[in-house]
Amino acid sequence: MTNKKKYEGNDMIVTVDVDKIYPNGCHALKKVTTNIQRGEVVVIIGPSGSGKSTYLRTLNQLETITSGEIIVDGVKMYGGETNINKLRENIGMVFQSFNLFPHLSVKENVMLAPLKVTGRSKAEVILEAEALLTRVGLAEKMDIYPSHLSGGQQQRVAIARALAMKPDMMLFDEPTSALDPEMVGEVLDVMKSLAAEGMTMVVVTHEMGFANEVADRVIFMEDGALLVDDIPENIFGKVANHPRLQKFLSNIL
Amino acid sequence: MNEKSNKLKWHLLFIFTIGLLAAGIYSASQSINYKWQWHLVWPYIVDTAPIDIIAQSDASAAINAEGEITLTYDNGDPDTIITNASEVLVYDGDLIFEGDLVARSESIKSGLLIDGLYMTLKISVISLFFSIVIGLMTALMRISDNPFSKNLSILYIEVIRGTPLLVQIFIVYFFLGTIFDLDRFTAGVVALSVFTGAYVAEILRSGIQSISAGQMEAARSLGMTYPKAMMYVILPQAFKRTLPPMAGQLINLIKDSSLVSVISITDLTKAGREVVSGSFATFEVWFTVAALYLLLTSTLSWAIQRIEKRLATND
């Protein structure tokens with residue numbers, strides 16, 4: 001079960017005392033502090049409304065924070081001179097609802113950002129897109145429009161699209177929650193292969209099997225606070241140490 | 001089979017009803033002793049009146065075997081050679097005085113109504129372009145977080161939608177036109193574009209806002225800037241979704257262009273009025289004018305349907 005990697009010891013994502021209060025007064029994140037290291041796979045679990053998706057979305061500034069500090073790859077995310085678009089190129093994100101661009105074919109979905117953001121040559125981008133789509137098992141679907149694909153296929157395209165920008169880290173926001181049960185496996189397989197290659201990954205999910213098997217660390221959040229941050233063995237093996245985690249796991253397993 | 005014959009029945013009823021309607025119009029006009037004279041309209045569609053050829057100054061005429069007339073001017077101007085005369089009104093060797101009618105030549109020109117149709121088409125196409133540009137800019141300002149852009153666009157939309165187009169045309173022509181020295185045509189284009197732009201803005205805004213927020217998030221998460229995400233991800237989808245209401249608004253633009261006739265632009269409507277006063281064929285002319293408008297609007301609506309069908313292949 002344990003396939004722990006050796007860390008080089010350098011931090012990829014550092015979050016210090018991150019607070020998020022919505023204008024309506026809802027306190028979504030409370031002093032969240034944690035470090036995620038290069039090559040680490042961190043799975044965030046917790047009940048709905050616990051702030052785990054909100055936390056994930058602050059890591060590429062889809063949500064702003066009220067106070068605290070987030071440092072990604074050595075760059076302060078909320079520094080005055082930070083180019084957020086430059087930073088985001090390095091942070092791939094996969095959404096629960098896929099969010100593929102419906103007016104573009106599968107291949108064009110993958111090619112859009114490399115073409116329009118980095119301005120690389122079209123021939124090169126086409127080759128890379130084809131390689132990525134082959135890798136996620138969609139070589140035959142390249143010229144099809146997303147609406148003709150199953151959920152699992154769409155999510156694999158979304159992963160390929162994020163990878164096309166050659167990011168150093170990937171954020172997954174409940175990537176399998178919108179899928180039919182029989183399609184969850186194909187998406188998790190792609191994610192596992194990414195983890196095996198040493199991609200830094202932060203994954204919000206309810207797939208406890210995935211967490212147990214692939215994660216280097218599991219974070220349990222509740223009510224906007226980071227309650228438990230531990231290796232999977234301790235999370236799933238010694239639940240008795242954490243009564244609220246035990247209650248959560250017994251509810252969903 | 002049964003269903004087919006059933007449908008046929010209704011088709012026949014439709015044709016019968018239309019026939020009845022036409023007969024009704026005809027008999028109604030009979031009851032007021034109206035005499036239909038459709039041939040009076042024809043010259044205003046295709047103008048076949050011959051052109052008079054008039055001597056520019058005193059000259060002497062010579063006619064050769066091919067029927068060509070050569071005018072040799074007394075004052076030494078280069079000779080005029082008339083080769084296309086359909087009717088020759090001088091004899092060989094005649095002395096011609098300035099202003100004399102020398103000959104007539106056949107000509108086929110577009111009639112007044114077709115000229116008006118062309119003007120309507122021209123003013124509509126130019127206004128259509130500008131109204132989409134104005135509408136797009138206003139829509140983007142309307143959805144921005146910046147209070148300046150937002151309030152400016154709301155003010156513009158509310159003012160334009162809250163006042164009649166006819167009044168706007170007068171204001172643009174008499175007020176702005178006087179200040180900025182605009183000619184009639186420019187004033188007409190400005191009034192129509194600004195008016196239609198406000199409606200296009202609202203259509204586009206609703207289209208942009210109907211695209212799920214996840215599309216913008218996905219685009220931004222890939223490192224695209226807001227303008228790029230708008231241009232490559234949101235707007236293509238919004239344009240497609242707004243095509244049906246947009247078609248309606250652009251058809252309205254063509255019809256609204258008839259109001260520019262009040263500032264003496266000879267569009268189809270003004271041409272219609274002029275033709276009525278020249279021919280007295282009131283009913284025929286207005287039916288013709290209506291048919292010509294219908295030709296423009298149905299062409300546009302057909303074109304937009306074609307675009308819609310082509311884009312629909314993605315879903």
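- For the atom pair OG1 (B:Thr225) and CZ (A:Arg88), the distance works out to 10.5 Å, reported to the nearest 0.5 Å.
- For CZ of B:Phe130, the number of neighbouring non-hydrogen atoms (other residues, nucleotides, ligands) closer than 6.0 Å is 12 at most.
- Using modelled atom types, one finds no donor on one side chain facing an acceptor on the other under 3.5 Å when comparing B:Arg220 with A:Asn60.
- Put simply, CD1 on B:Ile211 and CZ on A:Phe101 are 12.0 Å apart, with the number rounded to the nearest 0.5 Å.
- Looking at A:Arg57 and B:Glu217, their side chains come closer than 4.5 Å, going by heavy atoms from C-beta outward.
- Contact of A:Leu62 with chain B is made through the side chain alone, with heavy-atom distances under 4.5 Å.
- Annotation for B:Tyr118: atom OH does not count as buried by contact number, only 12 or fewer foreign heavy atoms lying within 6.0 Å.
- For NZ of A:Lys107, the number of neighbouring non-hydrogen atoms (other residues, nucleotides, ligands) closer than 6.0 Å is greater than 12.
- Within the 4.5 angstrom heavy-atom criterion, only side-chain atoms of A:Phe95, from C-beta onward, approach chain B.
- Remark: the backbone N or O of B:Tyr232 is paired with a side-chain donor or acceptor of A:His103 at under 3.5 angstrom.
- In B:Asp145, the CG atom is not crowded: 12 or fewer heavy atoms of neighbouring residues, nucleotides or ligands sit closer than 6.0 Å.
- Judged by distance alone, the side chain of A:Lys116 and the main-chain N or O of B:Lys228 form no donor-acceptor pair under 3.5 Å.
- Within the 4.5 angstrom heavy-atom criterion, no atom of A:Leu171 approaches chain B.
- The environment of NZ in A:Lys86 is sparse: at most 12 heavy-atom neighbours from other residues, nucleotides or ligands sit within 6.0 Å.
- Between B:Leu222 and A:Leu112, every side-chain heavy-atom pair lies at or beyond the 4.5 Å cut-off.
- When A:Asn83, A:Ile144, A:Leu100, A:Thr118 are compared by the number of non-hydrogen pairs under 4.5 Å with chain B, A:Leu100 comes out ahead.
- Remark: the backbone N or O of B:Ser221 is not paired with any side-chain donor or acceptor of A:Glu89 at under 3.5 angstrom.
- Between B:Met224 and A:Asn85 there is no side-chain heavy-atom pair separated by less than 4.5 Å.
- When heavy atoms are compared at a cutoff of 4.5 Å, B:Ala229 does not approach chain A at all.
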